[in-house]
Amino acid sequence: MTKEHAGPEQTDDGRYVVIDGRRRSATDPDIPEAEAAELRRALMAARRAVGAALRAGDAEAERAARARVQAAKVALGERGTPWWEQSDAERRRRWQGFLADLRSSAG
């Protein structure tokens, strides 16, 4: 389920994006758009939290925020085991588990 968009350059196989000349794992294209958007919002909130912790000089908050960034990137398929090496069920569990944890901590 690939999507046409005006995002960063992708490799022909769709597994990587090229940003500033560096190849990085692309987001898993099988994540439904609504869930991918929720994951991106969580990632950006975690990145903002890293910045706030850095400005405050709070090392503990920074570690926690960086852990949230890592978890969101893994859920998106951009870090950890490459999504193209996982079964459909493993891929689904990866992002659904993160969203379940995110939703339970928010409510």
Result block: side-chain N/O donor-acceptor pairs under 3.5 angstrom for residues 36-54, not counting sequence neighbours:
{"from": "Glu38", "atom 1": "OE1", "to": "Arg103", "atom 2": "NH2", "distance (Å)": "2.6"}
{"from": "Glu38", "atom 1": "OE2", "to": "Arg103", "atom 2": "NE", "distance (Å)": "3.1"}
{"from": "Arg40", "atom 1": "NH2", "to": "Glu33", "atom 2": "OE2", "distance (Å)": "2.5"}

Would you list the atom pairs, donor with acceptor, under 3.5 Å between side chains in residues 13-25 and any protein atom, with sequence neighbours excluded?
{"from": "Asp13", "atom 1": "OD1", "to": "Thr11", "atom 2": "OG1", "distance (Å)": "2.6"}
{"from": "Asp13", "atom 1": "OD1", "to": "Arg15", "atom 2": "N", "distance (Å)": "3.0"}

Study note, to complete from the structure: Sequence neighbours excluded, the answer for side chain to side chain donor-acceptor pair (under 3.5 Å) partners of Arg68 is none
Point to revise | Pairs satisfying side-chain hydrogen bond (donor to acceptor under 3.5 Å, both in side chains), at least one member in residues 73-82, at least two apart | key: Thr27-Glu78, Gln70-Arg79, Lys73-Glu78
N/O donor to acceptor pairs below 3.5 angstrom from side-chain atoms of residues 56-64, sequence neighbours left out:
{"from": "Asp58", "atom 1": "OD1", "to": "Glu60", "atom 2": "N", "distance (Å)": "3.3"}
{"from": "Asp58", "atom 1": "OD1", "to": "Ala61", "atom 2": "N", "distance (Å)": "3.0"}
{"from": "Glu62", "atom 1": "OE2", "to": "Arg66", "atom 2": "NE", "distance (Å)": "2.8"}
{"from": "Glu62", "atom 1": "OE2", "to": "Arg66", "atom 2": "NH2", "distance (Å)": "3.1"}

Practice item. For residues Ala72 and Phe98, report the shortest heavy-atom separation together with the two atoms involved. Key: N-CE1, 3.6 Å
Review point. How long is the span from the CZ atom in Arg91 to the CD1 atom in Ile31, to the nearest 0.5 Å?
Key: 8.0 Å
Review point. Is it the case that one hydrophobic cluster holds both Leu76 and Leu99, taking links as side-chain heavy atoms less than 4.5 Å apart, direct or via other members?
Key: yes
Review point. Just by modelled atom types, is the Arg93 backbone N or O under 3.5 Å from a matching donor or acceptor in the Gln96 side chain?
Key: no
Practice item. State, yes or no, whether a side-chain contact exists between Pro32 and Trp95 at a heavy-atom distance under 4.5 Å. Key: yes
Exercise for review: List the steps and the verdict of side chain to side chain contact (heavy atoms under 4.5 Å, CB included) for Trp83 and Arg94.
Suggested key: CA-CA 9 Å; Trp83 51 263; Arg94 184 193 66 238; 3.7 Å; yes
Check your understanding: With sequence neighbours left out, which residue pairs that include part of residues 27-52 fulfil the ring pair (Phe, Tyr, Trp, His ring centres under 6.0 Å) condition?
Key -> none
